[in-house]
Amino acid sequence: MKSNACKSFDERCYDLLLKIPKGKVATYKKMAEALDTKAYRAVGQAMNRNPNLVTVPCHRVVNSNGEVGGYAEGSARKIELLREEGVEVSDNGQINLFEFLHSFSD
DNA sequence: GCTTTGACACTAA
DNA sequence: CTTAGTGCCAAAG
């Protein structure tokens, strides 16, 4: 069992983020739905605060349309990290969700 | 305790 | 394609 309760919305986002395997990505919408909410923006908010840029793989979160979206250190930086993970990112900053979108069915 | 902000999502024109 | 508008939610001011 895990004490999932008593946690702030942000912490839940980070925890969910850690569930994303390497070489995969998740969308803000999927995250919100996994958290049983519709706060797509609130999820991004937690990332933007960037409390643990090293511990929390915020760069594995992208827009629902497959776009990398934004990043605290710049979208370009995000793309670099994703490519490092093994995710194929187009020059336009597009990600193949059909191949790299992770599903929270754990 | 209300107002503003925001790394989003969706629809319409 | 871009611009505009609406909805959604939580954190910060």
Side-chain angles (χ1 to χ4, degrees):
Chain A
M1 261 80 78
K2 291 268 207 189
S3 317
N4 254 22
C6 301
K7 279 195 174 184
S8 299
F9 183 85
D10 310 354
E11 292 201 49
R12 273 185 280 177
C13 297
Y14 313 142
D15 195 59
L16 195 62
L17 216 38
L18 298 169
K19 289 183 164 196
I20 304 175
K22 199 175 203 170
K24 289 261 185 152
V25 294
T27 68
Y28 295 99
K29 188 162 71 163
K30 281 249 175 188
M31 300 256 303
E33 291 197 8
L35 296 171
D36 198 64
T37 181
K38 292 97 183 165
Y40 323 116
R41 318 194 73 189
V43 175
Q45 278 277 323
M47 308 292 104
N48 183 249
R49 306 291 185 189
N50 226 343
N52 306 302
L53 182 55
V54 270
T55 25
V56 181
C58 331
H59 58 266
R60 287 187 193 152
V61 192
V62 300
N63 290 1
S64 69
N65 97 334
E67 216 173 283
V68 284
Y71 193 59
E73 297 195 0
S75 46
R77 175 67 178 160
K78 187 168 177 176
I79 293 169
E80 288 183 76
L81 291 167
L82 287 169
R83 284 178 172 168
E84 285 282 292
E85 298 279 301
V87 178
E88 292 182 40
V89 186
S90 304
D91 295 351
N92 199 33
Q94 284 267 262
I95 297 176
N96 198 335
L97 296 181
F98 289 88
E99 297 291 313
F100 300 105
L101 178 56
H102 168 70
S103 306
F104 295 103
S105 307
D106 224 290

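Throughout, a chain's letter reflects where its sequence line sits, starting with A, and its residues are numbered from 1.
Of the N and O atoms on the side chains of R49(A) and Q45(A), at least one donor lies less than 3.5 Å from an acceptor on the other residue.
We find that CG of L35(A) is positioned 12 Å from P of dA11(C), with the value rounded to whole Å. Put simply, CG on D10(A) is 11 Å from P on dA10(C), counting in whole angstrom units.
Scanning residues 81-98 of chain A for heavy-atom distances under 4.0 Å to DNA chain B yields an empty list.
Judged by distance alone, with hydrogens and angles left aside, the side-chain atoms of N92(A) form no donor-acceptor pair with the main-chain N or O of Q94(A) at under 3.5 Å.
In this structure, the side chains of R60(A) and E85(A) come closer than 4.5 Å at one or more pairs of heavy atoms. Proximity of T55(A) to L18(A): side-chain heavy atoms (C-beta onward) are nowhere separated by under 4.5 Å. By the 4.5 Å heavy-atom criterion applied to side chains, R83(A) and E88(A) are not counted as neighbours.
In terms of heavy atoms, C58(A) sits closest to N50(A) at SG-OD1, 3.3 Å. Nearest heavy atoms, F100(A) versus G86(A): CE2-O, 3.6 Å. What you find for V68(A) and K78(A) is that their closest heavy atoms are O-NZ, 2.8 Å.
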message: Treating primed atoms plus P, OP1 and OP2 as sugar-phosphate and everything else as base, which nucleotides of nucleotides 6-13 of chain B get B, S or - for protein heavy atoms under 4.0 Å?
response: BBBSS---
